[in-house]
Structure formats: C-alpha cells, structure tokens
Amino acid sequence: TITVVETQTWGAAGADGARVADLVVDVRGTPASMKGTVTLSAAGDAESTVAVNGDLRGGIPIIGGKIEKAAAPSFFHALEQEERIGREYLAER
C-alpha cells in the first residue's frame, strides 16, 4: 500500500470565472512527487473543463528518470479515477 497526499490550494476566480489551484502530490515514503496547477474553467452553459499540468519528479539523481517513468502511469490512473468519480457525482445531481 502507498499513501498519496494531494493538496490543491485554490486562488480567487478570474474575470471569466475560471479558477487556478497550485497542486502538490506527495507519495509518502518515496522520492516521487508532482507539482503543478489545476485549472477549472467554463466549457459551455452547463459544463466545465479541468486541466491538470504538472511536473513529476523522481527526486534521486541519476535514477530519478526511471522513477518518473515508473510512477507516471499511476498518476495518470489517479487523474482518470478522479474524473470518473466527478462525472458520476454530477450525474446523480
């Protein structure tokens, strides 16, 4: 089992209503981490778009690239799960 801690620190809404958060993902007990942003913006009358941009780091010189390549699929899977859960939540409302 691994513990992943994701922190999103949201800023104020822009003039168009879009919001941007600073993103930090820490994989406890490993050198893997990710820093970036999450942007939430309107995509029509009743829809929105969430864009995640981040930089995944292995944290260890020389072998960090191998750690990044090994960890990347798990990060993508987690983002896909968040999207699926979010869509299911909204569909129930």
Item to check | Check: Arg87 and Ile85 side chains under 4.5 Å, non-hydrogen atoms | outcome: no
Checklist entry - So how far is it from Met34 CE to Leu23 CG, rounded to the nearest 0.5 Å? => result 4.5 Å
Item to check | Smallest separation among heavy atoms of Thr30 and Val27, with atom names | outcome: OG1-O, 2.9 Å
Checklist outcome for this item: Heavy-atom closest pair (Thr49 atom, Ala43 atom, distance to 0.1 Å) is OG1-CB, 3.1 Å
Next on the checklist: Does Glu47, at its CD atom, have more than 12 non-hydrogen atoms belonging to other residues, nucleotides or ligands within less than 6.0 Å?
Outcome noted: no
Checklist entry - Any luck finding a side-chain donor-acceptor pair between Glu6 and Gln8 under 3.5 Å? => result yes
Item to check | Connected via hydrophobic side-chain network under 4.5 Å: Leu79 and Val25 | outcome: yes
Checklist entry - Does some side-chain heavy atom of Val38 sit less than 4.5 Å from a side-chain heavy atom of Val50? => result yes
Checklist entry - Between the side chain of Arg19 and the main-chain N/O of Gly11, is any donor-acceptor distance below 3.5 Å? => result yes
Checklist entry - Do you reckon Leu56 sits in the same ILVMFWY cluster as Val4, going by side-chain contacts under 4.5 Å, direct or chained? => result yes
Item to check | Spatial distance of atom OG (Ser48) from atom CG (Leu90) [nearest 0.5 Å] | outcome: 7.0 Å
Checklist outcome for this item: So OG1 of Thr39 and CH2 of Trp10: to nearest 0.5 Å the spacing works out to 7.0 Å
Checklist entry - Salt-bridged, Arg84 to Glu88, with N to O below 4.0 Å? => result yes
Checklist entry - If you measure from CG on Asp26 to NZ on Lys35, what distance do you get to the nearest 0.5 Å? => result 9.5 Å
